[in-house]
Amino acid sequence: MAGRASRAFEESPETGKRTFYHDDEMWIVGERPARASDRHRTPHLVFESDACIRRVRNFPSDWRDLSIEDLYALSWSI
């Protein structure tokens with residue numbers, strides 16, 4: 001991905017969320033279970049920033065171990 005290098009990230013084992021910065025924008029990522037009303041019935045990752053929210057259904061089980069660049073790229077997955 002183009003752009004400036006990301007700064008750093010923090011991981012919170014208590015919440016299962018990961019926070020990272022990409023191009024000076026803070027992102028919070030967390031895994032969420034499927035809701036009963038979700039026709040896909042699969043867990044998903046939710047990427048949240050001040051500008052947008054993205055949901056990714058197909059993600060690797062080791063997403064917490066991905067580099068910041070790979071995690072950011074994953075946020076664009078459909």
Side-chain angles (χ1 to χ4, degrees):
M1 292 261 129
R4 289 180 291 181
S6 303
R7 289 191 299 205
F9 72 90
E10 298 175 2
E11 193 167 347
S12 174
E14 299 82 32
T15 64
K17 293 184 179 180
R18 185 170 166 187
T19 302
F20 68 94
Y21 290 86
H22 187 274
D23 288 339
D24 292 328
E25 186 168 26
M26 184 176 83
W27 289 89
I28 300 172
V29 185
E31 191 171 339
R32 298 203 182 143
R35 294 182 184 174
S37 61
D38 184 356
R39 65 185 171 99
H40 295 284
R41 304 256 192 258
T42 58
H44 50 272
L45 282 183
V46 175
F47 292 77
E48 300 177 64
S49 75
D50 286 340
C52 70
I53 297 175
R54 299 178 187 154
R55 178 172 54 186
V56 176
R57 293 188 185 280
N58 297 316
F59 58 92
S61 60
D62 64 347
W63 66 269
R64 289 175 186 87
D65 299 324
L66 294 176
S67 69
I68 293 170
E69 292 300 323
D70 288 343
L71 193 60
Y72 182 76
L74 179 62
S75 78
W76 288 99
S77 299
I78 294 175

side-chain contact (heavy atoms from CB on, under 4.5 Å) filter on Asp50, not counting sequence neighbours, yields none

Go through the structure and list residues passing side-chain contact (heavy atoms from CB on, under 4.5 Å) with Ala36, not counting sequence neighbours. none

Hydrophobic clustering (ILVMFWY, side-chain heavy atoms < 4.5 Å, transitive) - are Trp63 and Val46 grouped together? no

Common cluster, Ile53/Val29, ILVMFWY with side-chain heavy-atom separation under 4.5 Å: no

Would you say Arg18's side chain and Arg64's backbone share a donor-acceptor pair under 3.5 angstrom? yes

Who are the side-chain hydrogen bond (donor to acceptor under 3.5 Å, both in side chains) partners of Ser49, not counting sequence neighbours? Glu25

Does one side chain, of Glu48 or Trp27, offer a donor that lies under 3.5 Å from an acceptor on the other? no

Can you tell if the side chain of Glu69 reaches within under 4.5 Å of the side chain of Leu71, non-hydrogen atoms only? no

What closest approach, in Å, do [X] and [Y] show between heavy atoms, and which atom pair accounts for it?
| X | Y | result |
| --- | --- | --- |
| Thr19 | Met26 | CG2-CG, 3.7 Å |
| Ser75 | Phe47 | CB-CD2, 3.4 Å |
| Leu45 | Leu74 | CD1-CD2, 3.8 Å |
| Val56 | Asn58 | CG1-O, 3.4 Å |

Drop me the distance from Ser77's OG to Arg57's CZ, to the nearest 0.5 angstrom. 13.0 Å

